[in-house]
Amino acid sequence: MKLRGHNIFTCNSEGCRAEANEQPLRIEAEDTIVNETTLNLEMLSTLVDSCSYEHLLSGASDLEVELPEELPNDWAEDEDLLNLLHNALNDIDVKTGALICPSCEQRYPIIDGIVDFCLDKE
Amino acid sequence: MEAKEENVGLSNANFEEQYVADVYKSISHHFNSTRRQHKWLLVRNFLDSLDFGSTVIDVGCGNGKYLDFPNLHMFGFDLTEDLLFHAQKLGASAHKANCLSVPVRQNHFCAAICIAVIHHLSSVENRIQALTQIARALAPGGRACLCCWAFENNPKRIKGEKNGNWRPIPPSEGGCPGDYYVDWHLDERYTKHRVKEAQELPHKGRERVRFTRYYHLFIENELKELCSHVEDIDQDSVEEVFDQDNWYLYFSKQK
């Protein structure tokens with residue numbers, strides 16, 4: 001799971017869905033790899049524009065990646081920041097771990113990079 | 001007459017697990033090998049028509065066939081883990097979720113695709129729920145493209161009915177017009193594990209395992225009618241197009 005995916009996820013529990021809870025899920029990373037990919041400026045710009053920065057900050061912090069509290073207006077011209085954002089969104093891949101809802105504590109296991117959002121019906 | 005325990009209706013959650021999810025688990029590698037290359041033209045056209053850098057959700061993404069468009073930010077979901085592994089190998093964002101409950105932010109995506117998924121849902125209620133999930137995920141004005149197998153003039157169905165691979169599900173078993181059991185003969189090279197429903201059959205001298213899937217085939221306007229139950233859909237935007245034995249459904253989210 002990469003942060004660009006984490007950015008769009010929400011808790012899938014009945015209660016959270018009913019409340020339209022869209023808080024960022026907490027990441028517990030056990031195994032993480034970094035797979036460096038080529039930075040495409042236009043694609044990265046559109047991706048960052050589509051992201052919730054709050055979610056990105058939260059996810060990055062969970063993965064011990066430091067991003068600025070706020071994006072400066074000229075972020076698209078700051079090469080270092082661009083590389084940081086690209087790396088955070090596209091290169092870091094949580095292979096094993098879990099996502100946890102900060103509200104209801106529901107856990108979604110991450111195995112082989114895939115988050116399992118299916119909830120067992122008992 | 002007492003109802004048998006099996007006649008719980010096709011919308012029973014276990015029905016879809018048995019006749020869709022479990023089957024795909026068993027046939028995933030064989031299925032993947034038959035689906036690898038060919039992208040359906042209308043889906044390709046839809047994705048090509050989107051603005052550069054659009055965000056797109058692919059509900060029921062399978063092996064990630066459509067997740068590799070370089071100018072789009074694609075996010076896929078599917079139930080079958082082995083197919084998701086294939087998708088992840090492409091570097092795609094592909095995670096496990098059911099189309100009836102898609103765990104994403106509301107009002108977010110520029111576009112959505114849902115290819116060959118809804119025809120596996122065994123009740124009107126579930127089909128509406130899937131459409132509702134897709135519409136919910138779209139940003140206001142966002143567009144969706146879905147496709148399902150058509151009932152009309154369908155050579156696969158006609159041939160299958162003749163050779164017994166396609167069996168209409170009778171009302172006595174909870175079936176409605178358009179509901180079929182469809183066999184998949186698993187090539188022995190891909191045998192992974194077998195679900196209890198599988199049957200060993202000789203096939204041209206080679207042992208094959210048969211799995212049975214549920215399909216609902218749609219008639220003209222049937223998908224359109226389902227859209228009328230989804231508030232988020234702009235009803236004036238709903239369009240159906242017939243192509244290659246499939247009904248394609250297009251709609252936009254209310255602005």
Among the listed options [options], the residue most often paired with chain A at heavy-atom distances under 4.5 Å:
options                     : value
B:Thr55, B:Ile57, B:Asn71   : B:Asn71
B:Ser101, B:Ala97, B:Gly91  : B:Ser101
B:His108, B:Arg105, B:Glu81 : B:Arg105

For the pair [X] and [Y], name the ring-plane relationship: parallel under 30°, tilted 30 to 60°, perpendicular over 60°.
X        : Y        : result
B:Phe109 : B:Phe75  : perpendicular
A:Phe117 : A:Phe9   : perpendicular
B:Tyr214 : B:Phe15  : perpendicular
B:Phe218 : B:His216 : perpendicular
B:His120 : B:Tyr24  : perpendicular

Count the heavy-atom pairs under 4.5 Å between each of [options] and chain B, then report the option with the highest count.
options                   : result
A:Asp93, A:Thr46, A:Asp49 : A:Thr46
A:Asn90, A:Asn7, A:Leu25  : A:Asn7
A:Ser45, A:Ser52, A:Cys11 : A:Ser52
A:Asn12, A:Ile8, A:Asp116 : A:Ile8

Measuring from B:Gln88:CD to A:Asp112:CG, what's the distance to the nearest 0.5 Å?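 The CG atom of A:Asp112 is 8.5 Å from CD of B:Gln88, to the nearest 0.5 Å.
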Of the backbone (N, CA, C, O) and the side chain (C-beta and beyond), which part of [X] lies under 4.5 Å from a heavy atom of chain A, both, or neither?
X       : value
B:Phe85 : both
B:Ala21 : neither
B:Leu79 : side chain

Do A:Asn21 and A:Ser103 pair up side chain to side chain, a donor and an acceptor below 3.5 Å, judged on atom types alone? yes
Distance only, no hydrogens: is a donor on one side chain within 3.5 Å (strictly under) of an acceptor on the other, for A:His86 and A:Thr37? yes
Which atoms of A:Arg17 are under 4.5 Å from chain B, going by heavy atoms: the side chain, the backbone, both sets, or neither?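 For A:Arg17, the side chain is the part near chain B, not the backbone.
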